There are 2 protein chains.
Amino acid sequence: MQLADVLRGELGTYKSGDYLPSETQLAQRFGVNRHTLRRAVDVLILEGRVLRHKGRGTCVLPTPIVYPVNAASAYSKTLSGMGFRSEAILLARRQRPAHPDEARDLALAPQEPVLELQTLRMLDEQPISLITHCFSARHHAALEGYGGGSMRQHLERKNIALKRVSTLIGARTPSQRDAIRLLMPRHTPVLSIRTLSSDATGKPFELSRSVSRADRFQYQIISGERHED
Amino acid sequence: MQLADVLRGELGTYKSGDYLPSETQLAQRFGVNRHTLRRAVDVLILEGRVLRHKGRGTCVLPTPIVYPVNAASAYSKTLSGMGFRSEAILLARRQRPAHPDEARDLALAPQEPVLELQTLRMLDEQPISLITHCFSARHHAALEGYGGGSMRQHLERKNIALKRVSTLIGARTPSQRDAIRLLMPRHTPVLSIRTLSSDATGKPFELSRSVSRADRFQYQIISGERHED
DNA sequence: GACTATTTGTTCGTATGTATA
DNA sequence: ATATACATACGAACAAATAGT
């Protein structure tokens, strides 16, 4: 822990992307065994400050900034208002049969086809959230033109106004796939948010599941306002 | 990882509270070095399944169950309605000068005294949340009789109806103190929730900060209803 | 209370495998 | 093809906490 403290203090002398001196060199410099040094670096990895690459070295990660995200408005609007470049990239679009719980929440027949869109939300060039939107395939026309950007804005252009019905917020460590796509260590917690939204008629329309880096993302709710996206 | 899988599979053969065979014995049985065995056990510790005690051994923890908590009503009510014994224990009560951000949120003069109450919320004998309530010391009379149980109910008996103003939800790993009080490993994420509530006149009254085991607690928001505790 | 055996905690030395440049 | 750097494993020793005598 002492060694980890020293190393953590020295991280500021590197630029993000820099590689630390090799384990052998650092171990020699501090007069400890390479194992001992590795265990100290393990702490920094658990904290998400550095990343080890076999055969290459240990590189320094950018210090994350925490962005509070207001639940009352769309992601993009809040964030761009704060002067950050917000971007949403469409990663995948596919059609598949609904899972039992999806069918229940979206009021579909079991196995009825759903349209699944997966987007990656970036903030200041840094991945923040991985969002999976799930709609009944009946609505595929409304989602035809979507190729990234704000999902809510896109639906508004199609004259569909969504209203949040329920939100479930939890935290966990990311799956390996999620960790890779969010460029984060597996040991750093993520906020996992699941929302169900209905259209103007009150019928369930969209089920969204998102995974967000908790070290860069906080969920804010201002009461009195309605929270939508 | 292979060894960890084997060990995890065998955990079912122990009762919670049992101690595993010693590291030397297990290492010998699997034909690996003690280090290797320790690294496998590290995985189970990270998963929160076992706990190591120096000089004593490695004991098996009870498998946690996840209880969804509806944010729209008081903790206690929702949970007791589900048939779980919910309990809130008063850990500490003290008066101290307000921190700058507390003074800001509660609209106090800098350094003005605040009353801090810390409670531990248990569910089925298991610690779930650690809550720090913070009030202006001017309200000490209203909190005189409180010795545990639902804070909201207590204030209602004093004719104080709180209204949630804002909620900020994040996730992180617990501090050592928090991990100890929640009887959880430091590597398992916690939900950290910060709320500001005002009284009927709209003046800020209570600032609460809570830390909850994310493996046993989820935050649910049902729209349309007001979310209060 | 002192002593001893047991068990986990930590560090070192050494060797070998594997990915990368 | 080679050197470098991280990944993994083994063996040994000692420290520190615990439990029992």
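Only a predicted model underlies this, so the values are computations on that prediction, with no experimental measurement involved. In what follows, chains are A, B, ... by sequence order, proteins preceding strands, each numbered from 1. Scope of the values below: all heavy atoms of this structure, side chains included, with no hydrogens, waters or symmetry mates.
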Show the distances under 3.5 angstrom between N or O atoms of the protein and N or O atoms of nucleotides 1-5 of chain C.
none

Pairs where residues 54-70 of chain A contributes a residue and the test salt bridge (charged side-chain N to carboxylate O under 4.0 Å, His left out) is met, not counting sequence neighbours: none

D:dA9 C1' sits how many Å from A:Arg38 CZ, rounded? 12 Å

Side-chain atoms of residues 35-42 of chain B: list all donor-acceptor pairs with protein atoms under 3.5 Å, sequence neighbours left out, distances to 0.1 Å.
unit_1	atom_1	unit_2	atom_2	d
B:Arg38	NH1	B:Glu23	OE1	3.4
B:Arg38	NH1	B:Glu23	OE2	2.8
B:Asp42	OD1	B:Arg52	NH2	2.3

Using side-chain hydrogen bond (donor to acceptor under 3.5 Å, both in side chains) as the criterion, list what pairs up with A:Thr195, not counting sequence neighbours. A:Ser208

Residues forming a salt bridge (charged side-chain N to carboxylate O under 4.0 Å, His left out) with B:Arg93, sequence neighbours excluded: none

Could you give the CZ-to-P distance, from A:Arg39 to D:dC6, as a whole number of Å? 18 Å

For B:Ser22, the side chain to side chain contact (heavy atoms under 4.5 Å, CB included) test, sequence neighbours excluded, returns B:Thr24, B:Gln25

Hey, is A:Asp101 close enough to A:Arg104 for a salt bridge, meaning N to O under 4.0 Å? no

Quick one: A:Leu37 CG to C:dT11 C1', roughly how many Å, whole number? 13 Å

So which of residues 44-51 of chain A are in contact with DNA chain D, with a heavy-atom cut-off of under 4.0 Å? none

Look at B:Arg209 together with B:Glu102 and state whether they make a salt bridge at an N to O cut-off of under 4.0 Å. yes

Short side-chain N/O contact to D:dC6 OP1/OP2 from A:Thr58, under 4.0 Å: yes

Atom pair CG (B:Leu91) and CZ (B:Arg181), whose distance is rounded to the nearest 0.5 Å: 6.5 Å

Do any pairs count as a salt bridge (charged side-chain N to carboxylate O under 4.0 Å, His left out) and have a residue in residues 11-20 of chain A, sequence neighbours left out, and if so which ones? none

According to salt bridge (charged side-chain N to carboxylate O under 4.0 Å, His left out), who are the partners of B:Arg177, at least two apart in sequence or on a separate chain? none

Is the backbone N or O of B:Gln95 less than 3.5 Å from a side-chain atom of B:His140, with the two atoms forming a donor-acceptor pair by type? no

At under 4.0 Å between heavy atoms, how does the protein contact nucleotides 12-21 of chain D? Give one character per nucleotide, 5' to 3', with B, S or -. BB--SBBS--

Between A:Asp105 and A:Arg194, does at least one N-O distance fall below 4.0 Å, as a salt bridge requires? yes

Restricting to salt bridge (charged side-chain N to carboxylate O under 4.0 Å, His left out), what partner residues turn up for A:Arg49, sequence neighbours left out? A:Glu47

Residue-phosphate contact under 4.0 Å: B:Arg52 side-chain N/O, C:dG9 OP1/OP2: yes

Check each residue of residues 1-32 of chain A for a non-hydrogen atom within less than 4.0 Å of any atom in DNA chain C, then write out the ones that pass by number, or none. A:Gly31, A:Val32

